[in-house]
Amino acid sequence: MSYVTEIFGSMVFNDSVMKERLPKDTYKALKKTIENGESLNINVANVVANAMKDWAIEKGATHFTHWFQPMTGITAEKHDSFISVTSDGDVIMEFSGKELIKGEPDASSFPSGGLRSTFEARGYTAWDPTSYAFIKDSALCIPTAFCSYGGEVLDKKTPLLRSIEVINEQSMRILKLFGDNNTKRVITTMGTEQEYFLVDTEMFNKRKDLFYTGRTLFGAKPPKGQELDDHYFGAIKPRVSAFMKDLNHELWKLGILAKTEHNEVAPAQHELAPIFTNVNLACDHNQLTMEMLKKVADKHGLSCLLHEKPFAGINGSGKHNNWSLSTNDGINLLEPGKSPRENARFLLFLCAVIKAVDEYQDLLKVSVSTAGNDHRLGGNEAPPAIISIFLGDELSAVLESIEGDTAYVKEYNRELTVGVDAIPIIRRDTTDRNRTSPFAFTGNKFEFRMVGSKLSIAGPNTVLNTTVAEELSQFADILESSDDFTTALNNLIKETIKNHKRIIFNGNNYSDEWVKEAEKRGLLNLKSTPESLPYLSTDKNIRMFEKFKIFSEKELNSRLEIHLEDYCKTINIEALTMLEMVKKDVLLAVSSYIKHLSETASVKKSLISDVNCDVEISIVTKLSLLLNSLYKKTEAFENLMLNVKEFDDLQKEAEFCRNNIFIAMQEIRAVVDELEANTAEQYWPFPTYGDILFSVK
Ligand code: ADP
Ligand code: MG
């Protein structure tokens, strides 16, 4: 056995461990729960819990924890040790089925968006047996969903799990219509490419902005940035390579399929991609990956930056969300087939995605909107804020021919009838070239590229699954009630293309022409988080989520509140950090340099009375002017900040943060960057962009 196969999944209570350690009927009962969602009997749970505990103790674990994903976007855990005391006063290690199935953490310190005040502070966590338990830091971690006592969702996992069920049910209806009676389940598959920056911890610690906000609030442009494109796929530096080796080791132990890693476009930027898996596991794995990135970096004296835009003028980081649907037998439903029937099925699923993305552009945008990601979307490096789909020329031509009844396949010399004619093979190479598209078809999956690097993928995938399920349910309603399946199918696909082709765009998404064109097409262009968020709870969207019991109206409103609050708090922390850096560091640094220059000039003058001090005078004049301007802007900014307290409407507060505070911060930054460019390095109080970006050798 190779080293990798030996360690892979060694810290996971996975299927093979279950098979090996559980009695046959317990294993069977648990499998039924995992595969069909049947509820687990407490006796079975007791046996599973005991086996898990024994296994975990053998691996060195002393504690267990319900591991959950509250609205903070990161994971939460509260450790309890396995120890119990017997009547004789001896310590034994115990773990019951009850403890496995349900936990009762205090929910009061997690964001609830108002749900909490009307219910008990306590919430409960419920075991999600579809994601394997694992050991991390000597604790047996049990993946769980997190709800309030009233049953309202307080986490990101619950809606995702619900959406996985919903898209399964609706896809199954479609498969039945195609005469498929073998498939038992349709699974959402997901591969999450993760981008991040690595910088030296010594540099990181000297930057309060990185420390408090995750991004630099100042920083003059370095002489060299990413213009030479010499970092992309370049040789990996030894320190980074050692880090990656360690990281892979940790991820593999947790059963995470870390596969490819390479340097990204920007200096100090890297990417890690796992092999795809089902979306629930992929989501858990991505959360764990982000945690491990930070932890392993620390061990190497490095700091991992997961912020979407740590450096201005340098590419930000995203997460490519590769999404597809697969049958339990591994048939990819978004793969063009070989026979007319397979192709018809492919086209129908494709149309469902096209219609979903067109009708729910707003929700997709909401699902990726955060203060951090606002810097990225629309910044001519990442996808724009306008959502459109890239299909590639070949597939677009097929759809055009279907819509217009025109000949596409030359040998037929007539129109192409869905379900009767084969469509030509779509070559994968031609589908993967447009890097500017926010939502690209890449041969057998869709790549949603707007997700921010720090964001949980649960939200975007809940939206994708639910909206596509909504379209599939509409399609199934129509097809189930038709007498002539092929004709109904042909018409349905034709109609869908006609009505929703405005969302398809194969050109350059960064161009100004596209912004104009998109407006003509009536597509949304929601540039910021405060502009996007209200769409979360419009009537149309409430109806859709309620129809599938993903969110109630109340839960949606609570989420809206949480997102708005998060936005305002983020901007507020950035604003306070900026003020602190200006007042405590920048002002002193620049005046020290001014003093140095002035003293130099006066010493020179005292030595040689008619000496020329033009250089000192010119720099001192320039710096003094800038410093005055900075001071005035800072004072005005402090007054502006006082206004935030006046709002009792979160939406208005968020808009104020965006339109006033955020804008004022950019103005202050411009002056500070100009000061940096004109101040001697030894006086400047923070490491420069050059120092940070090229800090890892
Ligand atoms: P690239 O985008 O660099 O060309 P790939 O297309 O091979 O690389 O894969 C990118 C990501 O998409 C990987 O995480 C991969 O596992 C994932 N992926 C590939 N096929 C599927 C699929 N059917 N469903 C979901 N993700 C997939
Ligand atoms: Mg990709």
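Each ligand, and each atom within it, is numbered from 1 in the order the structure gives.
- In the candidate list N322, L333, N278, N322 is nearest to atom 12 (O) of ligand 1, counting heavy atoms.
- Each of the following atoms of ligand 1 lies closer than 4.0 Å to a heavy atom of P274: 13 (C), 14 (O), 16 (O).
- The shortest N/O to N/O separation between K445 and ligand 1 falls below 3.5 Å.
- Checked for salt-bridge contact, E165 and R185 meet the test: a charged N lies under 4.0 Å from a carboxylate O.
- Qualifying salt bridge (Lys or Arg N to Asp or Glu O under 4.0 Å) partners for E471, counting only residues two or more places apart in sequence or in other chains: K355.
- The ligand atoms of ligand 1 that sit less than 4.0 angstrom from a heavy atom of I275 are 16 (O).
- In this structure, the ring-ring contact (aromatic ring centres under 6.0 Å, His included) partners of F134, at least two apart in sequence or on a different chain, are W67.
- The aromatic rings of F68 and F146 sit tilted, their planes meeting at an angle between 30° and 60°.
- Below 4.0 Å from some heavy atom of N332 lie the following atoms of ligand 1, by number and element: 23 (N).
- A salt bridge links K136 to E291: at least one charged side-chain nitrogen sits closer than 4.0 Å to a carboxylate oxygen.
- Residue K259 does not touch ligand 1, judged by heavy-atom distances below 4.0 Å.
- Between the choices R449, M190, Q194, E193, the shortest heavy-atom distance to atom 10 (C) of ligand 1 belongs to E193.
- The atoms of ligand 1 that sit less than 4.0 Å from any heavy atom of T189 are 22 (C), 23 (N), 24 (N), 25 (C).
- Comment: K309 does not engage D374 in a salt bridge, judged by the lack of any side-chain N to carboxylate O separation of less than 4.0 angstrom.
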